[in-house]
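Some notes on the structure that comes next.
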Amino acid sequence: MSVLNLLAADQDEDVRIAVAQKGKLTADLFSQLSRDPSPTVRQRIASNAKTPTAVRERLASDADESVATEARTRLG
């Protein structure tokens, strides 16, 4: 298991936020973090330039409006 995998599962929201901003995440980590209980983590995934389109499309209908808005904005 990679360090990023461990950090993505950290109990500290700030750690997961930092991971969500990284560009070198695996597809699994993008998916995992896009389902994080924290809207801030999900919003950071939505705004990450490397986030796969399919993940962003799912986030575009997120229950948290700030996450959904960010995803829709990035989708163009």
For residues 45-52, which side-chain donor-acceptor pairs fall under 3.5 Å, sequence neighbours excluded?
unit_1 : atom_1 : unit_2 : atom_2 : d
S47    : OG     : Q43    : O      : 3.4
S47    : OG     : R44    : O      : 3.1
N48    : OD1    : K50    : N      : 2.8
N48    : ND2    : A20    : O      : 2.9
N48    : ND2    : K22    : O      : 2.7
T51    : OG1    : I45    : O      : 2.5
T51    : OG1    : N48    : O      : 3.2

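- With hydrogens and angles left out, the side-chain atoms of T26 and D28 include no donor and acceptor closer than 3.5 Å.
- In this structure, T73 contributes its side chain and T69 its backbone to a donor-acceptor pair below 3.5 Å.
- Nearest heavy-atom pair across K24 and L4 is O-CD1, 3.8 Å.
- Expressed to the nearest 0.5 Å, how far CG of L59 lies from CZ of R74 amounts to 12.5 Å.
- Rounding to the nearest 0.5 Å places CD of E70 at 11.5 Å from CG of D64.
- For the pair R42 and L33, the tightest heavy-atom approach, listed with the atom from each and the gap, is CG-O, 3.8 Å.
- Interatomic distance, CG of L7 versus CD1 of I17, reported as 13.5 Å (0.5 Å rounding).
- Closest approach of V41 and R16 over heavy atoms only: CG2-CB, 3.9 Å.
- In terms of heavy atoms, A60 sits closest to A68 at O-CB, 3.3 Å.
- Without hydrogens or angle criteria, R56 side chain to A71 main chain gives no donor-acceptor distance under 3.5 Å.
- For R58 and S34, the side-chain atoms include at least one donor-acceptor pair closer than 3.5 Å.
- With sequence neighbours excluded, the residues that form a side chain to side chain contact (heavy atoms under 4.5 Å, CB included) with D12 are D10, D14, V15.
- Across all non-hydrogen atoms, the minimal contact from P37 to P39 is O-CD, 3.4 Å.
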